[in-house]
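Keep in mind it's a predicted model, so treat the numbers as computed, not measured.
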Amino acid sequence: DLRQIVLCDRSFGPCEVAGLRKVIAHDPAGFRSLRDAVAELQKRESPSPASFVRMGVCLYLLGRYYAAIEVLQRGDGGALAHFHLAKAYAARQRFDESIKSWKAARRAGYDADDCTLGKAETLRCAGEARAALKVLDSLSGAVEQTAEYLSQRAATIAVLGRNSGEVVALYERAVAADPDHPAALFGLAVENDRHGNDTVAMELYRKAADRFPAHVGSLLNLGILYEDHEQYDQAARCFQRILDAFPDHARARLFLRDTQASIDQYYDEQAQKTRDRMSQVLSIPVTDFELSVRSRNCLQKMGVTTLGDLCRRTEAELLAS
């Protein structure tokens, strides 16, 4: 029960967090339930440090990174708090603080491989791809078969401009290991997008965008593809989701403005054809109909020359004439 996980005073760790992510990814109502549960948790008086951690992690999953950082800093200082602080810092591009939090999470007892992978991702996002690859090379064993490791390695190799075939193969292995992994889905979508496979790319972007917190790259690229296919309402929703998490995201704001303008100016060809046919019918002269001389003279006095003119007259006006 999602609400019980959030609101009840019970164990809350990586397994519970993974369960929350799965629920809100596959059930739209789950996201609303999580949002409502967090709002209820925030109203409680004198929350404990452990409650702050629970609240902060949930805020992170909702994409509210500013609030997550503020709340997690008031937590118990445990491994889970430092781990999600590192993620929230990285999302806000506060890379130095993120690196420190990855180290703190590892010292506090969080899984060492997960912390190392997080550090590698932060280094790559900070523009230090070579350092990120060096960190990934330091890992060995079962972690090398996980979707997180495979997708991180693929993304790093792609940034370094190495073999694109290797990049695709790594992403495919990552998706095979975890079909719901957002970074792997996004990376594979980008590769298909580059090769013109729009249908496959759009489906992969959709899957990545359904995961929480929102994957900005997936939402941005999916919105652009929706625009290309003239699905402007869907595109606007993608850009708005980015702005919900990152109000200062300049590209998303620009794209949203352009999409909204396109919605206002959207030309519905089928509707225009219908209007054209109706216009042709309404422009038929009344003299084309078999009318008596008296009726024709009556309509002429009223200024009715076409079927459209006749339709604009009320029954009372016609009877009075």
Side-chain angles (χ1 to χ4, degrees), residues 2-3 5-7 12 14 16-42 51-75 80-95 97-98 101-102 118 121-122 125 148 151 180-187 189 204-224 226 234-256 259:
L2 187 148
R3 287 180 57 82
I5 293 175
V6 177
L7 297 173
F12 188 77
E16 285 72 27
V17 176
L20 288 176
R21 294 178 73 123
K22 186 174 182 179
V23 170
I24 62 178
H26 294 283
D27 180 10
F31 181 84
R32 293 190 293 272
S33 296
L34 178 61
R35 184 185 58 201
D36 295 342
V38 171
E40 188 174 335
L41 188 61
Q42 288 176 309
S51 295
F52 277 123
V53 174
R54 191 186 303 259
M55 190 190 309
V57 171
C58 292
L59 287 167
Y60 168 78
L61 294 178
L62 293 172
R64 296 164 59 184
Y65 303 118
Y66 282 124
I69 291 171
E70 182 180 343
V71 171
L72 287 168
Q73 287 173 337
R74 302 170 66 185
L80 190 69
H82 283 300
F83 185 83
H84 285 87
L85 258 176
K87 283 180 166 291
Y89 279 136
R92 296 306 313 168
Q93 297 186 349
R94 295 164 62 174
F95 300 123
E97 292 163 290
S98 179
S101 292
W102 288 124
E121 181 180 17
T122 301
C125 293
E148 182 67 19
S151 65
D180 292 333
H181 194 280
L185 290 167
F186 170 69
L204 291 167
Y205 282 137
R206 281 198 195 102
K207 288 182 179 179
D210 285 342
R211 305 300 172 259
F212 291 89
H215 194 284
V216 175
S218 296
L219 289 170
L220 199 64
N221 291 1
L222 179 59
I224 292 170
Y226 276 137
Q234 297 276 31
R237 278 194 282 271
C238 290
F239 300 139
Q240 187 58 58
R241 272 187 64 188
I242 297 173
L243 291 171
D244 289 343
F246 301 96
D248 54 352
H249 198 290
R251 290 185 67 195
R253 189 167 298 282
L254 175 63
F255 290 158
L256 178 61
T259 300

K.L.:
Would one find more than 12 heavy atoms of other residues, nucleotides or ligands at under 6.0 Å from atom CD of Gln73?
P.N.:
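Yes - once you tally the heavy atoms of other residues, nucleotides and ligands closer than 6.0 Å, there are more than 12.
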K.L.:
How close do Ala86 and Ser98 get, heavy atom to heavy atom, and via which atoms?
P.N.:
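For Ala86 versus Ser98, the nearest heavy atoms are O-OG, 2.8 Å.
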K.L.:
For the atom pair CG (Leu62) and CZ (Arg35), what is the distance rounded to the nearest 0.5 Å?
P.N.:
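Taking CG in Leu62 and CZ in Arg35, the distance rounds to 8.5 Å.
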K.L.:
After noting the C-alpha distance and the side-chain angles of Phe95 and Gln93, does the key distance pass the side-chain contact (heavy atoms from CB on, under 4.5 Å) rule?
P.N.:
CA-CA 5 Å; Phe95 300 123; Gln93 297 186 349; 3.8 Å; yes
K.L.:
How long is the span from the CG atom in Leu20 to the OH atom in Tyr60, to the nearest 0.5 Å?
P.N.:
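Here the rounded value is 13.0 Å.
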K.L.:
Verify the distance criterion only: is there a donor paired with an acceptor across the side chains of Arg237 and Gln234 at less than 3.5 Å?
P.N.:
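On atom types as modelled, these side chains qualify, holding a pair under 3.5 Å.
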K.L.:
Can you give me the closest heavy-atom contact between Leu85 and Ser101, atom names plus distance?
P.N.:
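Result for this residue pair: CB-OG, 4.0 Å.
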K.L.:
Determine whether more than 12 heavy atoms belonging to other residues, nucleotides or ligands lie under 6.0 Å from atom CZ of Arg94.
P.N.:
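Check passes, neighbour count above 12.
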K.L.:
Kindly indicate whether the side chain of Leu220, heavy atoms from C-beta on, has any atom under 4.5 Å from the side chain of Arg251.
P.N.:
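Yes, their side chains come closer than 4.5 Å.
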K.L.:
Kindly compute the distance separating CG (Asp36) from CZ (Phe31), expressed to the nearest 0.5 Å.
P.N.:
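Here the interatomic distance stands at 10.0 Å.
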K.L.:
Looking at every heavy atom in both Ala209 and Leu222, which two are closest together, and how far apart are they?
P.N.:
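So the two residues come closest at CB-CD2, 4.1 Å.
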K.L.:
At their closest point, which heavy atom of Ala236 faces which heavy atom of Leu256, and how far apart are they?
P.N.:
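Closest approach of Ala236 to Leu256: O-CD1, 3.6 Å.
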K.L.:
Does any N or O in the side chain of Thr259 come within less than 3.5 Å of the main-chain N or O of Phe255, such that one atom is a donor and the other an acceptor?
P.N.:
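Side chain of Thr259 to backbone of Phe255, a donor-acceptor pair under 3.5 Å: yes, one is there.
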K.L.:
Identify the two heavy atoms, one from Arg21 and one from Leu61, that lie closest to each other, and give their separation to 0.1 Å.
P.N.:
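Smallest heavy-atom distance, with atoms named: CG-CD2, 3.5 Å.
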K.L.:
Show, in sequence, the C-alpha distance, side-chain angles and deciding distance for Tyr89 and Thr122, and conclude whether the side-chain contact (heavy atoms from CB on, under 4.5 Å) test is met.
P.N.:
CA-CA 9 Å; Tyr89 279 136; Thr122 301; over 6 Å; no
K.L.:
Measuring from atom NE2 of His181 to atom CD of Glu148, what distance do you get when rounded to the nearest 0.5 angstrom?
P.N.:
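Here the rounded value is 4.0 Å.
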K.L.:
Quick one: sort the Trp102 and Phe83 rings into parallel, tilted or perpendicular, breaks at 30° and 60°.
P.N.:
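Geometry flag for Phe83 against Trp102: perpendicular rings.
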K.L.:
For the backbone of Pro247 and the side chain of Arg253, can you confirm whether one donor and one acceptor N or O come within less than 3.5 Å of each other?
P.N.:
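Pair found, side chain donor or acceptor close to backbone of Pro247.
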K.L.:
Between His249 and Leu243, is the side-chain contact (heavy atoms from CB on, under 4.5 Å) condition met? List the steps.
P.N.:
CA-CA 6 Å; His249 198 290; Leu243 291 171; 4.2 Å; yes
K.L.:
Quick check: closest heavy atoms across Val71 and Gly56, and the distance to 0.1 Å?
P.N.:
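In terms of heavy atoms, the two residues are closest at CG1-N, 3.6 Å.
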K.L.:
Run the side chain to side chain donor-acceptor pair (under 3.5 Å) test against Tyr226 and tell me which residues pass, sequence neighbours left out.
P.N.:
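If we apply the side chain to side chain donor-acceptor pair (under 3.5 Å) test to Tyr226, skipping adjacent residues, the hits are Arg206.
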K.L.:
Closer than 4.0 angstrom, basic N to acidic O: yes or no for Arg54 and Glu16?
P.N.:
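So Arg54 does not pair with Glu16 through a salt bridge.
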K.L.:
Quick check with a 6.0 Å cut-off and a 45 degree axis cone: is Arg92 positioned over the face of Tyr66's six-membered ring?
P.N.:
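Positive - Arg92 is close enough to the ring of Tyr66 and near enough to its axis.
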K.L.:
Find the distance between NE2 (His84) and CG (Leu59) and round it off to the nearest 0.5 Å.
P.N.:
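Answer rounded to 0.5 Å: 11.5 Å.
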K.L.:
Which value, rounded to the nearest 0.5 Å, describes the distance between Leu185 atom CG and Asp210 atom CG?
P.N.:
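So the gap between those two atoms works out to 9.5 Å.
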K.L.:
Would you say that Tyr205 contacts Leu219 through its side chain, given a criterion of any heavy-atom pair below 4.5 Å between the two side chains?
P.N.:
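With C-beta onward as the side chain, the pair stays apart.
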K.L.:
Between Leu34 and Val23, is the side-chain contact (heavy atoms from CB on, under 4.5 Å) condition met? List the steps.
P.N.:
CA-CA 9 Å; Leu34 178 61; Val23 170; over 6 Å; no
